[in-house]
Student: 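Here it is: the structure, laid out below.
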Amino acid sequence: MTSVLALYRNHDALMNMSSNQQPTLILRRLSVDEYVLPKIHTKKIKRVNSERKPFSVNPFPKLGTGHGVYVFENQYFRYEGEWVKGKKHGFGKLLLKDGTYYEGQFNQGEITGTGFKFFSETKCKYKGQFLKGEMHGRGIMEFPDSSEYEGNFVHNRKNGYGVMRTPLTQYDGGYQGNMRHGEGRMVYAPMRYDKTSNGDRYEGYWVADKRHGPGVLHCADGSIFDGNFDNDEFHGHGLYRHISGVIYDGMWLKGFPAKMASKLHIVVENTPMVIRQGTPFTITVQCLNDENDVVGDEGREIQITAGFKYYQPSKGSALFDMIEDVEDKPIDTPFGYQVVHYPLTNQEQENDGPSEEDEEQELSQSQTQLDLKEDEDENQNNKEEEIKEGEDGEKLAENEKQDDEKEDGVDNSGGGVEEPDEIPNNTTTETESVPLPPPVPNCRSEEGVCVWNEVYLAPAPPMYRPFVAMEEAENDKKSSSRGKPAINKVSEQRRQTIHDPGNIDRRGSVNKVDKMRRQKEKALEEKYAKTGEYVLMVHDVTNPPFLGRTIEPAFLLLKLKRPEAKKRAKKEGKKWDTSQHIRRSMVATEGLED
């Protein structure tokens, strides 16, 4: 610049002059060398870019306000968004070098407000409220396994009311410290093959992620427990309605009833129990615990059956060939032998057996013959003592052989062929196919007790294997004994028959009555059970088992006998009058004297 405005050299002097004394200003051009810039003294202003140490190579808003991008000094954080006076404020995105990022609202440099955060390490996603960088308030957390939590957060933890949905469960209730706490409702997914879910539903109280306190559990199978819980187990008072029908209302300890039935007991006065053919009997069963106290179970299903001793068929018999087809496996008993099932029923049996009068008529002849024989035996005791045992044995063996031939219809004693005895009209030679009676139905316990009334041992089914095997064993034993000479003392009845030919007729009459007895017994066995020893068995058949436990069964010996004969009322005849007899005698004596 070649010229500038002229400046007064003595500025102070000019200012002190009066207006009249001031000279006229003359502008002249100054040379370049004479030009001097005025010195301006200004205060240096330090610009604050952020609340953190600034290190940026990116555009930054003037005075830290507006929109800008900032990379922090350690280059681990990068922020892009709104600024106010050097602080993140408004909407922005904070990106971490590991891939985690937040996008949402900022307030005075802190993550506060509503936003979205992605966690690179866990792959979780959160959308909701934040406070100073922490999840705080209402929000939704999505997990990588498709689980989702929607509810309240406090300092990054689930706290308060919330809903947690997973592939297997859904919880709706209170939380504290990231764990279920307080009142809540849990629904489990249907039963899975890996048993990770069972389909139950629980409504009640929780403590530290465990069911604790009063609650109601609805099991997937239909069972319901309404009572108290402790550490996820039934504990305290509770009512349990099991799907099997069992109902238990009482105290619980560690998931099980304080008094739980462990065995069955058959109430009986005497052992073995004696019953009669065609006569019903009553059975009472109790559910006991280990202390022999009756447990008040309701609805436990108890089954009652009968059994007969199992006979192993001899090898080579017809029954031995059929043993593979037997589905009924022998059952162990505490009596030292096994049994197989025998029909037991509560259907009333027809009382069409022989009457007592018929039996007395049929047996009167045999009874008379036996009475006469006993009288004659007393008179011949001395004679029989002189007979040698060897001779008796030979004669007895020969006589037994003749008896067997007579039973088969052959008489070698010269009497010809004996005709078979007639069968009474009320018996049948052939067994008609009669369907088996229905079994005794199972009983549901009431206060731990089951009662069956009007129970019968039914007639044996055709070709009942234990009876067939037993008869085969008896026949084998009898045939083996026949081949040996009898050297022991024989019965008085057979000796008298051998040495007294006059008793042959009476013996034949007795044999005939014995046959009639056997036929009558056979007819009775077709209508009633065979006399003998049976076993009564009681089992717990609750299905499914109550709490996965089946209580121990009970066994009882039964002795079946023939019906008791009713005592017939004696007909009252004329009483013997001794005085009258004496008078008649005296009168007769006087007549003779005259």
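Bear in mind the structure is a predicted one, so any value in this text is a computation, not a measurement.
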Student: Answer yes or no: is there an ion pair linking R201 with E203, defined by an N-O contact shorter than 4.0 Å?
Tutor: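 Salt bridge between R201 and E203, a charged N being under 4.0 Å from a carboxylate O: yes.
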
Student: Treating E298 as the side-chain partner and E447 as the backbone partner, does any N or O pair qualify as donor plus acceptor under 3.5 Å?
Tutor: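 Checking the backbone N and O of E447 against the side chain of E298, a donor-acceptor pair under 3.5 Å is found.
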
Student: Between R444 and E446, does at least one N-O distance fall below 4.0 Å, as a salt bridge requires?
Tutor: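 Looking at R444 and E446, the cut-off is not met.
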
Student: Can you list the steps and then say if N292 with K263 is a side-chain hydrogen bond (donor to acceptor under 3.5 Å, both in side chains)?
Tutor: CA-CA 9 Å; N292 293 327; K263 57 186 175 182; 2.6 Å; yes

Student: Flag the pair Y342 / Y464 as yes when their ring centroid distance falls below 6.0 Å, and as no otherwise.
Tutor: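 Yes - the distance between ring centres of Y342 and Y464 falls below the 6.0 Å cut-off.
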
Student: I want to know whether F130 and Y102 have ring centres closer than 6.0 Å.
Tutor: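 Yes, they do, as the ring centres are separated by less than 6.0 Å.
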
Student: Taking the ring of Y79 and the ring of F106, is the distance between their centroids below 6.0 Å?
Tutor: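 They qualify: ring centres under 6.0 Å apart.
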
Student: Using the ring centroid of each side chain, check whether Y528 and Y456 are separated by less than 6.0 Å.
Tutor: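 No, the ring of Y528 stays outside the 6.0 Å limit from the ring of Y456, centre to centre.
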
Student: Do the ring centers of Y337 and Y310 come within less than 6.0 Å of each other?
Tutor: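 They do not qualify: ring centres at least 6.0 Å apart.
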
Student: Are any of the side-chain nitrogens in D209 or R180 under 4.0 Å away from the carboxylate oxygens of its partner?
Tutor: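 Between R180 and D209 there is a salt bridge, with a charged N closer than 4.0 Å to a carboxylate O.
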
Student: Answer yes when K132 and E110 have at least one side-chain N-carboxylate O distance shorter than 4.0 Å, and no when they do not.
Tutor: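 Looking at K132 and E110, the cut-off is not met.
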
Student: Looking at F256, Y240, Y202, which hits ring pair (Phe, Tyr, Trp, His ring centres under 6.0 Å) with F234?
Tutor: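 Per the ring pair (Phe, Tyr, Trp, His ring centres under 6.0 Å) rule, the option paired with F234 is Y240, out of F256, Y240, Y202.
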
Student: Counting the benzene-type ring for Trp, do H242 and F546 have ring centres under 6.0 Å apart?
Tutor: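 Yes; F546 has its ring centre under 6.0 Å from that of H242.
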
Student: Report yes or no: is the cationic atom of K530 (NZ for Lys, CZ for Arg) closer than 6.0 Å to the six-membered ring centre of F467, at no more than 45° off its axis?
Tutor: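 The answer is yes, since K530 meets both limits relative to F467.
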
